[in-house]
Number of protein chains: 2
Amino acid sequence: MSTHFDGSAEEQRALDVYIKLTRCAESVNARINQRLSDLKLTISQFGVLEALYHLGPMHQNELGQKILRSSGNMTMVIDNLCKRGLVERCRNEEDRRYVRVSLTPAGQQLIHDYFPEHVKIVLEEIGVLSPAEQEKLQHLCKKLGLGKVG
Amino acid sequence: MSTHFDGSAEEQRALDVYIKLTRCAESVNARINQRLSDLKLTISQFGVLEALYHLGPMHQNELGQKILRSSGNMTMVIDNLCKRGLVERCRNEEDRRYVRVSLTPAGQQLIHDYFPEHVKIVLEEIGVLSPAEQEKLQHLCKKLGLGKVG
DNA sequence: AGAGGATTGCTTGATGTTAAACTGGTACAA
DNA sequence: TTGTACCAGTTTAACATCAAGCAATCCTCT
């Protein structure tokens, strides 16, 4: 991760961009998710509540794809949310492999109350950049995220 | 994380930038670190070897700060690297709180052999952006990473 | 139609990561 | 010197990942 590496200018720059990108994402995420610990929610738990809130009930795998978490993890995340009475599981009777997950009224309430604050925090963080800079960053991230092929 | 949220255009954009940034960093990192599993190294282990390689021996806390990992984790990471004979621990006799960590010849060899490949992979990933785009991205990441105050 | 392999969704198990409590070493002021 | 504060490192509990395993469903071929 260090820059004490003696390669070509091109290599140096690529390594440097890579480090800056990673650290930037890490620190922005750390700041944005800080408030979640007050609610005793992990980032995954918040992601699940938010997905269910905005997209409606889903089965576990679908949820895992939305929030980019492993299916193994979804079992635990949803276990924990169930214990706190924030979501409910319901086995699909037509295809018994699926487990449908939905918000309870308590879960609905919690995410309804918290989400505006979350948006405010994100806005404060990202608002450091001008609208034009935001568009530019978004464009570059999209290009980079797709990789060589895309 | 979803964009199915009905707020102001400004809020929508901020959320969108935030998601793109996070996903971009995640996918770039996933691709870059894929090769490490061949070496049976975790990202943290690689970070430690690389830091020691380019910056020389350090004590554990210092290493943890370089690679952005908790001190608790450093204990385990270095335990595992010790077991594989890639690094050595040495208690500082002048201040017995400190543990100095250094590369063994085997560790030196491993990182020496692998690092050029790592650089190549990073270059391939970041190289999808033109030099000007890289400079721009770096600039935006720096600004965003510092946050409101910086 | 029915048998058996492939596929799919979820759970389990091994391991890595973090935060926070804990242990032991050092410094400093009374 | 002793009490307090601080610092480096370890331990522990909870949560994350991946890979392997299990159960339900689908698909193909006769």
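In this text the structure is predicted, and so the values were computed from the model without any measurement. Quick note on labels: first sequence line is chain A, next is B, and so on, each numbered from 1.
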Notebook entry, point to check: What is the minimum heavy-atom distance between Glu10(B) and Leu123(A), and which atoms define it?
Noted result: O-CD1, 3.7 Å
Next item on the list: Give the rounded distance in Å between these two atoms: NZ of Lys40(A) and P of dC15(D).
Entry: 11 Å
Item checked: Main-chain N/O of Arg96(A) paired with Arg91(A) side-chain donor or acceptor, under 3.5 Å -> yes
Check: Is there a donor-acceptor pair closer than 3.5 Å between any side-chain N or O of Glu11(B) and the backbone N or O of Ser8(B)?
Finding: yes
Checklist line | Whole-Å gap separating C1' (dT26(C)) and CZ (Arg91(B)) | finding: 13 Å
Margin query: Between Glu125(B) (side chain only) and Val122(B) (backbone N and O only), is there a donor and an acceptor less than 3.5 Å apart?
Written below: no
Check: Hey, is Lys66(A) close enough to Glu62(A) for a salt bridge, meaning N to O under 4.0 Å?
Finding: no
Notebook entry, point to check: Within this structure, what is the CD1-to-C1' distance between Ile78(A) and dC10(C), rounded to whole angstrom?
Noted result: 10 Å
Can you pull every protein N or O that's under 3.5 Å from an N or O on nucleotides 12-21 of chain C?
{"residue": "dT17(C)", "atom": "OP1", "partner": "Ser44(B)", "partner atom": "OG", "Å": "2.9"}
{"residue": "dT17(C)", "atom": "OP2", "partner": "Asn73(B)", "partner atom": "ND2", "Å": "3.3"}
{"residue": "dT18(C)", "atom": "OP2", "partner": "Ser70(B)", "partner atom": "N", "Å": "3.3"}
{"residue": "dT18(C)", "atom": "OP2", "partner": "Ser70(B)", "partner atom": "OG", "Å": "3.3"}
{"residue": "dT18(C)", "atom": "OP2", "partner": "Asn73(B)", "partner atom": "OD1", "Å": "3.4"}

Checklist line | Protein proximity profile, nucleotides 22-28 of chain D - base contact B, sugar-phosphate-only contact S, no contact -, cut-off 4.0 Å on heavy atoms | finding: --BS---
Notebook entry, point to check: Would you say the side-chain atoms of Gln134(B) pair up with the backbone N or O of Leu129(B), donor to acceptor, closer than 3.5 Å?
Noted result: yes
Margin query: Regarding Asp79(A) and Lys83(A), does a basic nitrogen lie under 4.0 Å from an acidic carboxylate oxygen?
Written below: no
Next item on the list: In whole angstrom, give the distance that lies between atom CD of Gln65(A) and atom C1' of dC10(C).
Entry: 13 Å
Next item on the list: Starting from C1' on dT26(C), measure out to NE2 on His59(B) and report it in whole angstrom.
Entry: 14 Å
Checklist line | Euclidean distance, atom CD of residue Gln60(B) to atom P of dT11(D) [Å, nearest integer] | finding: 11 Å
Notebook entry, point to check: For Arg100(B) and dG9(D), what is the distance between atoms CZ and P respectively, to the nearest whole Å?
Noted result: 12 Å
Notebook entry, point to check: When you measure from the side chain of Asn73(A) to the backbone N and O of Arg69(A), does any donor-acceptor pair fall under 3.5 Å?
Noted result: no
Next item on the list: Can you tell me the distance, in whole Å, between the CG atom of Leu81(A) and the P atom of dC15(D)?
Entry: 10 Å
Margin query: Restricting to salt bridge (Lys or Arg N to Asp or Glu O under 4.0 Å), what partner residues turn up for Arg84(A), sequence neighbours left out?
Written below: none
